[in-house]
> 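Below is a structure I'd like to ask you about.
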Number of protein chains: 2
Amino acid sequence: MSRTTAQTPIDEICNRLWLAIAERKLRPGARLKEEELCAIFSVSRARVRAALARLESSGLVTLVPNRGAFVSEPTIEEARDIFFARRTIEARLVERLCTNVTPQALSRLRAHLEDERAAHARNDTSAIIHLSGGFHLLVAELAGSRYLSDVLNELISRTSLIIAMYQSRSAPDCGPEEHEEIIRMIEAGDAEGTKRAMDAHLQHLEDALDLQEDKPRQSALSDILA
Amino acid sequence: MSRTTAQTPIDEICNRLWLAIAERKLRPGARLKEEELCAIFSVSRARVRAALARLESSGLVTLVPNRGAFVSEPTIEEARDIFFARRTIEARLVERLCTNVTPQALSRLRAHLEDERAAHARNDTSAIIHLSGGFHLLVAELAGSRYLSDVLNELISRTSLIIAMYQSRSAPDCGPEEHEEIIRMIEAGDAEGTKRAMDAHLQHLEDALDLQEDKPRQSALSDILA
DNA sequence: GGCGGCAAGATTGTAGACAAAGTTGTTGAT
DNA sequence: ATCAACAACTTTGTCTACAATCTTGCCGCC
């Protein structure tokens, strides 16, 4: 799943940044100075700029002209929209997966679930974030839509940003229980039920966040210090 | 809808190329030499390269290392996948639009339909291509999902490429009739019916193409001259 | 003492030049 | 005559230097 080998040096930079953002080591709003990145990856500015441009088009970083690059800070409205898109796409994908599921697919799902459980058992936060996103990506891959898989990949990293911004005190990432429920539904061949399970799972994720419109969580200083 | 004013000079290049591809003036497989584009837009290579990189990430052009940029040639498999994604996304969008439709939304849809009819009446191919895509984009916008609108924008331009590659002799772009049917369904507030109408509309579009696996339409010379 | 303007520093945007890779036409050997 | 190797050309990839823009600290003025 996670191809650690870089195809081109610029993909390598994208991957590293993507990883840091997805794992929430780079917080939303963090400044990304070009020369700093040059020093870190020991490449030239041209490559860094190319990488930042690509990440911008996938919504992970925001490029402000003459100001520089920042890790994106999704608004509450955008956050809800991202979840709407995920429910739309993932509900359809699991439905499709249900209708033509293979034993190999099921065993891959179960194996993934075991990895998730193991990561939870040893409290490996980084792995947990990775694997819980990876479950959804695996479903997409098994459903057989390359395009929607790519879109979902973007959506998942954006979700990570959203969680970093809006998580409430006691809202960890989705545990393996709901994933197991989804797998059970797939095993049963219940397309409609699987759809509902996935939809509910994503809804729980969204509900666990602080997405109240009246809370100006945005890092607009005027709001914070009012 | 179509913002002719460029935000940044590089967006301008993207838009112009996007337009040429969507209007099928640039055929799939066409070579895009950097210096040629520099001359045409009278900009530096750096900007052209940035524009090409962005278009690549949206799937319109393919960048081959050390070889250059080409207008993408979607395979049959990719074509089917694109249509699957469109049905997934657009069915959900019209459903959502149905549940909270406003009089303004309906009048905008009707006005758009009139434009389409006018374009058909004067046989304005360029306008027809533009407006028939614009209808779907308008639906997305009115449904109120910014993210899925952006995705759909990409999907529509890719669809244009696909039509350019795989259209059969007598398969023009979707006429206004089915669009009108969709609008009628929305007016009636029949969410399920609208969904079905949109799904059928997209299916007709796909069925009108030559997407037979056994026909090696790809421009692999070895196949053509076998 | 506070405010507006100014200048220095820092950072990004752009352009031009050089290096690497690929393609094509030619030449020589078999 | 055919094929293979070589060489020149074309095109892309990358780097370095310069220009434009923004931020920030300072000074003079009200």
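Residue numbers begin at 1 in each chain, while the letters A, B, ... track the order of the sequences.
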> To the nearest Å, give me how far apart CD (A:Glu36) and C1' (C:dT11) are.
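Taking CD of A:Glu36 and C1' of C:dT11, I get 12 Å after rounding.
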> Can you tell which of C:dG22, C:dG13, C:dT11 lies closest to the side chain of A:Asn66?
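Per side-chain heavy atoms of A:Asn66, the pick is C:dG13.
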> If you find the nucleotide of DNA chain D closest to B:Gly68 and the one closest to A:Pro65, which residue's nucleotide is nearer the 5' end?
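Result: B:Gly68.
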> If you check the B:Glu34 side chain, which of D:dG13, C:dG13, C:dA15 turns out closest?
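The nucleotide sitting nearest to the side chain is D:dG13.
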> How close or far is atom P of C:dG13 from atom NZ of A:Lys33, stated in whole angstroms?
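Roughly 15 Å, once rounded to whole Å.
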> Side chain of B:Arg67: nearest nucleotide among C:dT11, C:dG22, D:dT12?
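From the listed options, C:dG22 comes nearest.
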> Should B:Arg45 be listed as having a side-chain N or O under 4.0 Å from OP1 or OP2 of D:dT12?
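No, because none of the side-chain N or O atoms of B:Arg45 sits under 4.0 Å from OP1 or OP2 of D:dT12.
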> If only atom types and distance count, is the side chain of A:Ser160 paired as donor or acceptor with the main-chain N or O of A:Ile156 below 3.5 Å?
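Checked: no pair found.
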> As a test of understanding, state which of A:Arg108, A:Arg96, A:Arg146 forms a salt bridge (charged side-chain N to carboxylate O under 4.0 Å, His left out) with A:Glu141.
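Single pass found, and it is A:Arg108.
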> Return the 5'-most residue of the pair B:Glu35, A:Val43 with respect to DNA chain D, ranking by each residue's nearest nucleotide.
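Result of the comparison: B:Glu35.
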> Should A:Arg47 be listed as having a side-chain N or O under 4.0 Å from OP1 or OP2 of D:dT14?
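Result: yes.
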> Starting at atom CZ of B:Arg49, determine the distance to atom P of D:dC15, rounded to an integer number of angstrom.
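Spelled out: CZ on B:Arg49 to P on D:dC15 is 11 Å.
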> Rounded to whole Å, please give me the gap between CZ in A:Phe41 and P in D:dT14.
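Atom-to-atom, A:Phe41 to D:dT14, this comes out as 16 Å.
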> Measure CZ/A:Phe70 against C1'/C:dT11 and give the value in whole Å, please.
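My rounded result for the distance is 11 Å.
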> How many whole angstroms separate atom CD1 of B:Ile10 from atom P of C:dT14?
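So the two atoms are 8 Å apart, to the nearest Å.
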> Strictly distance-based, threshold 3.5 Å: is any side-chain N or O of B:Ser72 a donor or acceptor partner for the main-chain N or O of B:Gly59?
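Looks like yes, one N/O pair under 3.5 Å.
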> Measure up the A:His136 and A:His201 rings against each other and bin them: parallel (under 30°), tilted (30 to 60°), perpendicular (over 60°).
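Parallel.
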> Could you label the plane-to-plane angle of the B:Phe135 and B:His112 rings as parallel, tilted or perpendicular, counting under 30° as parallel and over 60° as perpendicular?
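Rings of B:Phe135 and B:His112: tilted, 30 to 60°.
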> Measure the distance from CG on A:Leu63 to P on C:dT12 and round it to the nearest whole Å.
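From A:Leu63 CG to C:dT12 P: 10 Å.
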